[in-house]
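Positions are given from 1, in the same order as the sequence printed here. Numbering of ligands and ligand atoms starts at 1, following listing order.
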Amino acid sequence: MSLLTITHLKVHFPTQDGMVKAIDTIDLEIANSERLGLIGETGCGKTVLGMSIIRLLQPSTKIEGEIWYKGKDLLKLSEGEMRKIRGKEIAMILQNPTTSLNPVLKVGDQIAEAIQLHQGLDKRAAREKAVEMLESVKIPSPDKRANEYPHEFSGGMKERAMIAMGLACNPSLIIADEPTKGLDVTIKMQIVKLLKEVSRRKSMLFITHDLGVATQICDNIAVMYAGELVEYAKTEDVFKNPLHPYTQGFLNSLPNMGLKPIRGMSPSLIDLPSGCRFHPRCDHASAKCTIEHPPMVEIEKGHSVRCFLYT
Ligand code: SF4
């Protein structure tokens, strides 16, 4: 059963250089207990999708479409109603804990603040729960660590603290935005293991440019390119039978798959290519690809692709 359903979502930002079409157009569902990986290169619109779900976008943003969560269209809720959902029902683990944690507040106090806000516990009980949360993400000596400031935490510990904060109110949906970015391999694997454990029986949108990490955590993968989805499938199918030339290129660029980068650069979201947005970088592009925009088509059950090679 679907927990979150996104239909015809468009998110555009006006800038001095023109309209940035960060999302244009996306339809997506996340089921109860599903861990969905949203992968793509930096700047393809992945983070904007996460921010759209919890409505943390600048006021000038133009949003169209619907985001249904437990019978409510989040895009129609007032800011007050959204505040009750953010953190409590849907939590976002933001990328870059160094800038996301408040440097002048003790880590335990930051987690306790979120707990007090959403669970109505008094200060002492919230503080005890914060220590419990630090323990649950395997921070050693959580009592002592709760009294420390973010700069006293290592990179991996800061990420664990962010995960603890995200989980503090027992949300139904976790949006994890590049939680392993910038971590060394050993710490990355520890965080992946932790996320796998804590996301059991929860729904998670796992946003990453790291397909290798996504495959270890996610049930399904949605591949995003230039503001739209280009492939959606079970994780094993994306690996064994990638259909879209962009997904194939993404796989070939992994260190254990030959490290062969996709030629060219991602297009500007202000000035998107005509036809298929991937055509300037695609080795299979035909004349049709430069003119017509391919639709997303389900090729086999649960496996959809946006490419004229399959239609
Ligand atoms: Fe390549 Fe054409 Fe498929 Fe786009 S539609 S990915 S250009 S073959």
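Nearest to atom 5 (S) of ligand 1 among the protein's heavy atoms is Phe308 N, 3.3 Å. Nearest non-hydrogen protein atom to atom 1 (Fe) of ligand 1 is Cys282 SG, 2.4 Å. In this structure, the protein non-hydrogen atom closest to atom 3 (Fe) of ligand 1 is Cys307 SG, 2.3 Å. Nearest non-hydrogen protein atom to atom 2 (Fe) of ligand 1 is Cys289 SG, 2.3 Å.
Interface of Pro245 with ligand 1, defined as ligand atoms under 4.0 Å from a residue heavy atom, comprises 6 (S). Heavy-atom proximity to His279, at under 4.0 Å, picks out these atoms of ligand 1: 7 (S). Counting atoms of ligand 1 from 1 in the listed order, those under 4.0 Å from a heavy atom of His244 are 6 (S).
A side-chain donor from one of Ser266 and Glu41 sits under 3.5 Å from a side-chain acceptor of the other. A donor atom on one side chain and an acceptor atom on the other are not found under 3.5 Å apart for Ser33 and Arg201. With hydrogens and angles left out, the side-chain atoms of Glu228 and His293 include a donor and acceptor closer than 3.5 Å. Checked by atom type, the side-chain pair Tyr246/Arg277 shows no donor-acceptor distance below 3.5 Å.
With a heavy-atom cut-off of 4.0 Å, Arg306 does not touch ligand 1 at all.
In this structure, Arg145 satisfies the cation-pi test against Phe153, with its NZ or CZ atom closer than 6.0 Å to the six-membered ring centre and inside 45 degrees of the ring normal.
Cluster membership check: Ile90 does not share its hydrophobic cluster with Trp68, using side-chain heavy-atom separations under 4.5 Å among Ile, Leu, Val, Met, Phe, Trp and Tyr.
Atom 4 (Fe) of ligand 1 has an N, O or S atom of Cys276 closer than 2.8 Å.
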